[in-house]
Number of protein chains: 2
Amino acid sequence: MERNRLDEKKTRAPSGAAVPSAVLTEQLYRAFLEEWAERGFAALSLERVAARAGAGKAAIYRRFPSKLAFADAVLDALGPSVALPEDTGALESDVLSFLLRLRAVLRHPLVRRILPDLHAEAARSKEMRAINTRVAAARRDLGRALLDRAVARGDLPHSLDREHALDLLPATLYWRMVVIGRTPSTKELRTIASSLSAALRRL
Amino acid sequence: MERNRLDEKKTRAPSGAAVPSAVLTEQLYRAFLEEWAERGFAALSLERVAARAGAGKAAIYRRFPSKLAFADAVLDALGPSVALPEDTGALESDVLSFLLRLRAVLRHPLVRRILPDLHAEAARSKEMRAINTRVAAARRDLGRALLDRAVARGDLPHSLDREHALDLLPATLYWRMVVIGRTPSTKELRTIASSLSAALRRL
DNA sequence: TATCGTCGGAACGTTAGCGTTCCAACCATA
DNA sequence: TATGGTTGGAACGCTAACGTTCCGACGATA
């Protein structure tokens with residue numbers, strides 16, 4: 001904004017080649033995520049990111065002041081834009097729908113590798129913790145919609161403990177896929193959905 | 001063992017200062033874990049580990065051929081030796097006991113930081129995956145004992161889906177403490193235990 | 001069409017960790 | 001008591017990434 005100050009009459013809006021290339025920015029984001037997945041955030045080298053994107057290092061340092069700011073921008077831009085789980089009219093099938101979508105997200109090799117690394121980094125750095133919290137909040141909103149519908153429908157009590165319910169929904173699948181490293185079949189998801197529904201009714 | 005070959009008559013068993021110092025080995029383990037927690041495995045520097053342990057680098061390279069072998073030995077020696085959950089006579093209180101012990105483990109800052117890092121690394125490297133599988137197997141045995149008791153007691157059906165039950169037990173607490181980063185109160189654990197018990201009966 | 005100012009990319013010196021080699025110190029055994 | 005052989009620690013040369021600086025190329029605006 002400083003460039004458009006009134007007392008700086010000589011400046012003019014950047015134009016032509018002087019405006020950042022959106023294409024390269026996109027390539028940098030992608031390269032950053034791939035490097036993150038391959039090496040982990042702590043060992044991530046911006047030099048490698050630049051090389052992978054086919055760009056110079058200055059291209060990065062002009063856009064982002066630090067690795068963390070870069071990561072923040074990346075997650076903001078290409079962060080897992082999980083779709084809202086559909087309304088199937090019943091709790092258990094809603095939960096199944098939620099699990100199916102979560103499985104789709106966790107199937108992406110990049111996501112599966114980056115997520116635990118993000119959590120590990122969040123435990124170490126305050127800044128990364130803030131980023132993680134932001135990502136988590138977006139995720140929680142999706143689950144909340146599901147719960148609200150179930151309460152409105154009468155499938156779950158008004159007194160439902162939403163906080164714990166929101167933990168319960170994704171935890172088991174995350175554990176199985178990220179911690180154990182196995183992807184459950186749709187049939188298994190049905191089993192989990194049934195079990196989780198029972199757990200939710202108890203909250 | 002090569003040293004004790006019959007055809008090598010001149011050798012004699014190492015003794016005196018020629019035997020590795022168990023104290024230093026212990027210090028190296030501790031230093032490795034602390035560095036791991038602070039920097040992450042990928043960015044872990046053996047030079048720093050040696051310095052932190054007050055030892056030379058050769059002390060490390062003589063004991064372990066690689067960073068991975070070092071990590072393997074560390075987890076084997078100081079790995080979370082979780083105690084078996086006690087037999088309280090009922091499913092829900094057994095589950096609560098399990099959760100209380102898991103919380104105690106996950107409260108340790110080192111564990112909280114290293115575990116997700118271990119999972120992230122397991123997603124990247126085959127060798128670390130093997131290590132993680134070993135750690136996970138030890139963990140699963142604890143849960144299995146709990147489930148077996150409940151089945152014998154009649155609290156859970158013989159047809160219980162053990163695999164999913166074993167996922168269910170730790171997943172929610174892990175999610176809350178490691179992914180979200182919040183430690184639940186004992187009262188909250190009771191809520192979770194109640195909810196999980198309902199889920200288990202549905203498996 | 002000339003200009004302006006950022007563009008991408010190459011090169012800089014610095015720092016840090018790598019894996020190895022060498023050596024005096026050490027101490028239970030013979 | 002002398003000894004054998006590993007000990008811990010310092011120094012080696014090498015590689016990689018750091019963060020910065022410099023420069024010709026570029027293209028919409030005036």
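Residue numbers begin at 1 in each chain, while the letters A, B, ... track the order of the sequences.
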Worksheet item: Counting any heavy atom closer than 4.0 Å, what does A:L28 reach on the DNA or RNA strands: base, sugar-phosphate only, or nothing?
Response: nothing

For atom [atom1] of [X] and atom [atom2] of [N], their distance in whole Å:
X	N	atom1	atom2	value
A:Y61	C:dG9	OH	C1'	15 Å
A:I60	D:dG19	CD1	P	11 Å
A:L46	D:dG19	CG	C1'	10 Å
A:Q27	C:dG8	CD	P	10 Å
B:F64	C:dG19	CZ	P	15 Å
A:L24	C:dT6	CG	P	17 Å
B:R63	C:dT20	CZ	C1'	18 Å

Fill in: A:R39 side chain near D:dA17 phosphate (N/O to OP1/OP2, under 4.0 Å)
no

Worksheet entry | Phosphate contact (D:dG5 OP1 or OP2) by B:R62 side-chain N/O below 4.0 Å | no

Fill in: Which residues share a salt bridge (charged side-chain N to carboxylate O under 4.0 Å, His left out) with B:E26, sequence neighbours left out
none

Response to the item:
Sorted by chain and residue number, the salt bridge (charged side-chain N to carboxylate O under 4.0 Å, His left out) partners of A:R62 (sequence neighbours excluded) come out as none

Enumerate donor-acceptor pairs with a distance under 3.5 Å from any side-chain N or O in residues 192-203 of chain B to protein atoms, sequence neighbours excluded.
from: B:S194; atom 1: OG; to: A:R202; atom 2: NH1; distance (Å): 3.1
from: B:S195; atom 1: OG; to: A:A199; atom 2: O; distance (Å): 3.0
from: B:S197; atom 1: OG; to: B:A193; atom 2: O; distance (Å): 2.7
from: B:R202; atom 1: NH1; to: A:S194; atom 2: O; distance (Å): 2.9
from: B:R202; atom 1: NH1; to: A:S194; atom 2: OG; distance (Å): 3.1

Worksheet item: According to the salt bridge (charged side-chain N to carboxylate O under 4.0 Å, His left out) rule, which pairs have a member within residues 95-111 of chain B, sequence neighbours left out?
Response: none

Worksheet item: Pairs in or reaching into residues 188-198 of chain A: which pass salt bridge (charged side-chain N to carboxylate O under 4.0 Å, His left out), with residues at least two apart or in two chains?
Response: A:R176-A:E188

Worksheet, complete the sentence: With sequence neighbours left out, the residues meeting side chain to side chain donor-acceptor pair (under 3.5 Å) with B:R129 are none

Item to complete: Can you sort out the partners of A:R52 under side chain to side chain donor-acceptor pair (under 3.5 Å), two or more places apart, ordered by chain and number?
Response: A:E34, A:E35, A:E38

Fill in: Strand DNA chain C as a dot-bracket string - pairs counted if Watson-Crick or G-U with both distances under 3.5 Å, | where the partner lies in another strand
||||||||||||||||||||||||||||||

Item to complete: Return yes if some donor-acceptor pair links the side-chain N/O of B:D94 with the main-chain N/O of B:T88 below 3.5 Å, else return no.
Response: yes

Kindly give the atom pairs (protein nitrogen or oxygen, nucleotide nitrogen or oxygen) under 3.5 Å for nucleotides 10-16 of chain D.
none

Worksheet item: What orientation do B:Y174 and A:W175 show, parallel under 30°, tilted 30 to 60°, or perpendicular over 60°?
Response: perpendicular

